[in-house]
Novice: 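Have a look at the structure that comes next, please.
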Number of protein chains: 2
Amino acid sequence: MTKANKSKQATIAFKANDETLQSFLGYHLKRGFNVVQGDLTKTLKPFELRMLTYTALTLIVDNPGLSQSQLADAMDIERPNLVVIVDELEQRELITRDRVPTDRRAYALRSTLKGQHLFKRAVAAVTLHEQALFQGIDPETRTLIVSAMKQIQLRAAKDSR
Amino acid sequence: MTKANKSKQATIAFKANDETLQSFLGYHLKRGFNVVQGDLTKTLKPFELRMLTYTALTLIVDNPGLSQSQLADAMDIERPNLVVIVDELEQRELITRDRVPTDRRAYALRSTLKGQHLFKRAVAAVTLHEQALFQGIDPETRTLIVSAMKQIQLRAAKDSR
DNA sequence: TATTGTTATACTCTATAACTATA
DNA sequence: TATAGTTATAGAGTATAACAATA
């Protein structure tokens with residue numbers, strides 16, 4: 001999103017004296033994610049969705065009946081932060097929130113037809129944009145990246161036991 | 001950082017009905033980056049550094065004399081947001097801010113000895129932690145990930161022309 | 001006129017504590 | 001007691017507009 005500075009000669013002065021930075025994985029992941037996130041934001045704007053609402057909708061469409069706790073877990077955010085997201089999707093009538101008969105504390109989240117239709121169009125747009133962004137990166141590398149990201153998560157989960 | 005929910009049975013209910021999610025690269029990158037960022041935050045805490053201050057320090061140590069504009073550009077953040085970061089590093093006497101004689105609008109940023117020593121210790125810790133996190137992911141894959149992240153950035157820069 | 005650094009400000013995302021209603 | 005969802009709140013990180021000093 002950071003319109004990669006507008007100054008015409010911003011990329012002048014670096015000596016290739018940056019071994020530390022080059023091997024700093026967090027730095028590269030951050031910059032990469034920034035780009036992906038920025039592209040995603042633009043792509044989702046016509047649908048009035050953000051990354052968070054889009055991700056939530058995706059999970060609800062594909063896993064009808066899941067609870068807010070499960071959704072928060074899948075999205076790696078705290079439950080309090082999910083409330084407004086679910087509120088928004090519900091107000092726009094993209095999803096429904098029904099009490100679970102067997103556990104009246106929990107909500108079963110389900111997408112509406114309207115939600116499914118919007119989702120379908122949004123997915124198409126996102127897929128196209130991600131393809132464009134990752135064009136020139138072969139499918140195997142993409143798979144490698146995804147599985148590396150998953151492995152990192154497993155390791156982190158293990159470490160925090 | 002999102003202590004991957006504490007509920008003991010959070011990972012119950014998913015049908016493997018999540019093709020859309022599986023192919024959603026932004027989602028995986030976000031989760032992966034979350035883990036890396038969380039680990040980094042913990043690793044840098046003893047040095048009283050955050051990812052942003054650590055990255056700034058890295059760039060200043062390796063590129064003495066660079067300006068705040070150049071630094072903001074390298075860090076992919078807006079100049080106003082860099083000010084407090086540089087303020088913090090200067091107040092802690094990890095860097096100096098000298099007026100550039102040939103262009104008295106700009107500051108030349110340089111690390112102090114104290115900054116270099118702190119940096120050296122921080123880098124060692126970060127390197128160790130990233131190695132642990134990416135353990136099991138072979139070096140070639142790591143290189144692939146980094147170059148993929150760079151390619152994405154080039155594409156984004158091209159698209160915003 | 002344009003650029004460097006700055007201030008003020010607002011918005012998004014995130015994290016924690018404390019509450020309610022159900023279990 | 002413990003869990004699901006909620007409210008309130010605070011803290012990061014980020015983006016924009018407008019300004020002073022300098023080019």
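Just so we're on the same page: letters track the sequence lines, and every chain starts at 1. Worth saying up front: this structure is predicted, and the values here are computed from it rather than measured.
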Novice: Report the distance from atom CZ of B/F33 to atom C1' of D/dG13, rounded to the nearest whole Å.
Specialist: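 Interatomic distance, CZ of B/F33 to C1' of D/dG13: 10 Å.
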Novice: Determine whether B/R50 and B/E88 satisfy the following criterion, salt bridge (charged side-chain N to carboxylate O under 4.0 Å, His left out), listing intermediate values before the conclusion.
Specialist: CA-CA 11 Å; B/R50 290 162 294 138; B/E88 190 183 325; 2.7 Å; yes
Novice: Go through the structure and list residues passing side chain to side chain donor-acceptor pair (under 3.5 Å) with A/K150, not counting sequence neighbours.
Specialist: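 Residues passing side chain to side chain donor-acceptor pair (under 3.5 Å) with A/K150: B/Q22.
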Novice: Which residue, B/M51 or B/V100, contacts DNA chain D at a nucleotide closer to its 5' end, judged by nearest heavy atom?
Specialist: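 Whichever sits nearer the 5' end wins; that is B/M51.
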Novice: Report the distance from atom CG of B/L44 to atom P of D/dA12, rounded to the nearest whole Å.
Specialist: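 It works out to 15 Å between those atoms.
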Novice: Roughly how far, to the nearest 0.5 Å, is CG of B/L49 from CZ of B/R92?
Specialist: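 Rounded to the nearest 0.5 Å, the CZ-CG separation comes to 5.0 Å.
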Novice: Before giving the answer on side-chain hydrogen bond (donor to acceptor under 3.5 Å, both in side chains), spell out for B/T112 and B/E93 the whole-Å C-alpha distance, their side-chain angles and the decisive distance to 0.1 Å.
Specialist: CA-CA 7 Å; B/T112 61; B/E93 299 182 342; over 6 Å; no
Novice: Measure from CD on A/E78 to P on C/dA18 and round the result to the nearest Å.
Specialist: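 These atoms are roughly 16 Å apart.
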Novice: Can you check the B/L49 CG to D/dA12 C1' distance for me, whole Å?
Specialist: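 Answer to the nearest Å: 16 Å.
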Novice: Could you tell me the separation between the CE atom of B/M75 and the P atom of D/dA12, rounded to a whole number of Å?
Specialist: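 Nearest whole value for this atom pair: 16 Å.
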Novice: Kindly give the atom pairs (protein nitrogen or oxygen, nucleotide nitrogen or oxygen) under 3.5 Å for nucleotides 5-10 of chain D.
Specialist:
from: D/dG5; atom 1: OP1; to: A/Q68; atom 2: N; distance (Å): 3.1
from: D/dG5; atom 1: OP1; to: A/Y107; atom 2: N; distance (Å): 3.0
from: D/dG5; atom 1: OP2; to: A/Q68; atom 2: N; distance (Å): 3.3
from: D/dG5; atom 1: OP2; to: A/S69; atom 2: N; distance (Å): 2.6
from: D/dG5; atom 1: OP2; to: A/S69; atom 2: OG; distance (Å): 2.9
from: D/dT6; atom 1: OP1; to: A/R97; atom 2: NH1; distance (Å): 2.9
from: D/dT6; atom 1: OP2; to: A/Q68; atom 2: OE1; distance (Å): 3.4
from: D/dT6; atom 1: OP2; to: A/Q68; atom 2: NE2; distance (Å): 2.6
from: D/dT6; atom 1: OP2; to: A/R97; atom 2: NH1; distance (Å): 3.4

Novice: Please report, rounded to the nearest Å, how far the C1' atom of D/dG13 is from the CD atom of A/Q37.
Specialist: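 In whole Å, D/dG13 C1' lies 12 Å from A/Q37 CD.
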Novice: Below 30° counts as parallel, above 60° as perpendicular, anything between as tilted: where do the rings of B/Y54 and A/F24 land?
Specialist: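 Because their plane-to-plane angle is over 60°, the rings of B/Y54 and A/F24 count as perpendicular.
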Novice: Using a 6.0 Å cut-off, check whether atom CZ of A/R99 has over 12 heavy atoms from anything other than its own residue.
Specialist: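 For A/R99, atom CZ is crowded (more than 12 foreign heavy atoms under 6.0 Å).
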Novice: Give the rounded distance in Å between these two atoms: CG of A/D98 and P of C/dT22.
Specialist: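 Taking atom P of C/dT22 as the reference, CG of A/D98 is at 16 Å.
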Novice: Between P on C/dT14 and NZ on B/K30, what's the gap in Å once rounded to a whole number?
Specialist: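 Answer to the nearest Å: 4 Å.
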